[in-house]
Chemist: 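Sharing a structure with you now.
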Amino acid sequence: MNTSLDTQTDSSVPVQVTEEAMPQNTLANSELPAVESSAEAIPVIQYPGVEDEEQMAEFRRMVGLPDSAELFQLTRPDDVAEHEWNEELATKLAQTAYQYGVPPQAMAALQDTMLHAYRDADARINDAKAQTEAETERILQQEWGVNYQRNMNRATATLRNLASEHGLDADALLDNPAVGSDINVIKLLYAVSTLVDEAPLHQSQSFSAGAADEAHRIESDPTHPLHEAYMKVNHPNHKYANEFYDKLMRR
C-alpha cells in the first residue's frame, strides 16, 4: 500500500471551517481611524479686519505681506511713462494695501487695472474733444468762409487780453473744451473783438486804439506787409505775424 495516499484529503468530503479557523482582523471597524475631509485638512484663513491689530498682523504674516508699511511699495511698471505715474497716489495705495492686508501681487494687479482704465478714459476724452473741435471748425468755416482764420485769431486775442486783465491763465482756458472748443464762446469772443473796434474811446487803458487799428490792418488790408503771412497758416512767417497780431491785441 502506498502510504502517501493516506495523507491526502478526499475532495468529495466537505470541509467544515470553524470560526476559530477564520483569520482575525487586528482592528475592528470601530477602531479604524477617521478620514478627514479635504475641507478639514486645509486650514481656512479668516479675514480678521483692521480693528484687531494683533490678528491682522498674523494675517499679514500668513499672506506674505512685508513686516512694515514702509516696506510695502508700488513701483512704476515698465510700460507706464513717467508723466503717467503718480508717486503720491502710489504711496497712498501701498499704505492702504498694507493696512487692509492686500497681498503685493494682488495690489500690483489692481494698480495695473486702474492705470489701463485711466488710459482708456483719457483716450475717450481726447477723442471726444477732437470730434468737438472738428465739428466747431467745420461749422465756423462754413459760416465765416475766407474770414475764418482772421475771426478765430481775433477771438483768441480777445480771450488772451481779457485773461491777462483779470489774472487768468489764457492757455488753460483755450485747452478747456468748454471754452476753446465751444462754438458759442468763440462767436461771443469774436463779437467782443468787434465791439472793441467800434468803441475805441471806451477801451481799457491796456488796449490802445493805435494797436487795435494796426491789428485790424493786418487782418483786413492786403497791402499790409504781414497780411499774407497772417492769413495763410502755411506761410513761413505765419507764426511771427500771428504772435505780432496777438501782441497788438493785448496792448
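We're numbering straight along the sequence, starting at 1.
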Chemist: Using side chain to side chain contact (heavy atoms under 4.5 Å, CB included), reason through H227 and D221 one step at a time and then give a plain yes or no.
Modeler: CA-CA 7 Å; H227 174 75; D221 186 357; 5.6 Å; no

Chemist: Indicate the atoms forming the closest heavy-atom contact of H224 with I218, along with that distance.
Modeler: CE1-CG1, 3.3 Å

Chemist: Measuring from atom CD of Q55 to atom CZ of F59, what distance do you get when rounded to the nearest 0.5 angstrom?
Modeler: 11.0 Å

Chemist: Can you confirm whether N234 is buried at CG, in the sense that more than 12 heavy atoms of other residues, nucleotides or ligands lie under 6.0 Å from that atom?
Modeler: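 Enclosed: over 12 neighbouring heavy atoms sit under 6.0 Å from CG of N234.
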
Chemist: Applying the side-chain contact (heavy atoms from CB on, under 4.5 Å) criterion to L159, which one of L189, V192, L168 satisfies it?
Modeler: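 By the side-chain contact (heavy atoms from CB on, under 4.5 Å) criterion, L159 pairs with just one of L189, V192, L168: L189.
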
Chemist: I want to check something: taking the side chain as every heavy atom from C-beta on, are E84 and R119 in contact at a cut-off of under 4.5 Å?
Modeler: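 The answer is yes, as the side chains (C-beta and beyond) meet within the 4.5 Å cut-off.
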
Chemist: Is it true that M114 and V102 fall in one hydrophobic cluster, defined by side-chain heavy atoms closer than 4.5 Å?
Modeler: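 Yes; tracing contacts between hydrophobic side chains, which count when under 4.5 Å, links both residues.
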
Chemist: Judged by atom type as modelled, is there a donor-acceptor pair below 3.5 Å linking the side chain of K129 to the main-chain atoms of D175?
Modeler: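 Yes.
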
Chemist: May I ask you to decide if D122's main-chain N or O and N126's side chain share a donor-acceptor pair within less than 3.5 Å?
Modeler: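 At least one qualifying donor-acceptor pair exists.
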
Chemist: To the nearest 0.5 Å, what is the distance between OG1 on T132 and CD on E137?
Modeler: 12.5 Å

Chemist: With side chains defined as the heavy atoms from C-beta onward, is the minimum distance between E70 and Y98 less than 4.5 Å?
Modeler: no

Chemist: Spell out, yes or no, whether F244 and M231 are grouped together once hydrophobic residues are joined by side-chain heavy atoms under 4.5 Å, including indirect joins.
Modeler: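 Both belong to a single hydrophobic cluster.
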
Chemist: Other residues, nucleotides and ligands only: do more than 12 of their heavy atoms fall within 6.0 Å of OH on Y100?
Modeler: no

Chemist: So, for L115 and W85, which heavy atoms are closest and what is the spacing to 0.1 Å?
Modeler: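 Nearest pair, atom of L115 first, then W85: CD1-CZ3, 4.2 Å.
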
Chemist: From E219 CD over to N147 CG, what is the distance, rounded to the nearest 0.5 angstrom?
Modeler: 8.5 Å

Chemist: Can you measure from OG1 (T156) to CG (L173) and round to the nearest 0.5 angstrom?
Modeler: 11.5 Å

Chemist: With rounding to the nearest 0.5 Å, note down the distance linking CG in L74 to CE in M107.
Modeler: 5.5 Å

Chemist: List the atom of S193, the atom of T158, and the distance in Å for their closest heavy-atom pair.
Modeler: CB-OG1, 3.1 Å

Chemist: Nearest heavy-atom pair of G180 and I186: which atoms, and what distance?
Modeler: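 Where G180 meets I186 most closely, the heavy atoms are O-CD1, 3.6 Å.
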
Chemist: If Ile, Leu, Val, Met, Phe, Trp and Tyr residues are connected whenever their side-chain heavy atoms lie under 4.5 Å apart, and connections chain through other members, are Y118 and I125 in the same group?
Modeler: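 No; tracing contacts between hydrophobic side chains, which count when under 4.5 Å, never links both residues.
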
Chemist: Evaluate Y245 against R154 for side chain to side chain contact (heavy atoms under 4.5 Å, CB included), listing each step before the verdict.
Modeler: CA-CA 9 Å; Y245 176 89; R154 288 175 65 96; 2.7 Å; yes

Chemist: Decide whether Y47 and L110 are clustered together by the hydrophobic rule: side chain heavy atoms of Ile, Leu, Val, Met, Phe, Trp, Tyr closer than 4.5 Å, transitively.
Modeler: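 The answer is yes; both residues are in one hydrophobic cluster.
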
Chemist: So which atom in L65 and which in P103 form the shortest heavy-atom distance, rounded to 0.1 Å?
Modeler: CD1-CA, 3.5 Å

Chemist: Under 3.5 Å, is there a donor-acceptor pair between the side chain of D112 and the main chain of A108?
Modeler: no

Chemist: Determine, for Y230 and R150, whether the Lys NZ or Arg CZ falls below 6.0 Å from the six-membered ring centre while staying within 45 degrees of the axis.
Modeler: no

Chemist: How far apart are the closest heavy atoms of V50 and Q99, and which atoms are they?
Modeler: CG1-O, 3.3 Å

Chemist: Rounded to the nearest 0.5 Å, what's the gap from CZ on R160 to CG on D169? Could you check?
Modeler: 9.0 Å

Chemist: Is there a continuous path of hydrophobic side-chain contacts, each under 4.5 Å between heavy atoms, that joins L162 to L188?
Modeler: no

Chemist: Is E88 atom CD crowded by more than 12 heavy atoms from other residues, nucleotides or ligands, each under 6.0 Å away?
Modeler: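 No, not enclosed.
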
Chemist: We want to know whether Q131 and D127 form a side-chain donor-acceptor pair, criterion being a heavy-atom distance below 3.5 angstrom.
Modeler: no

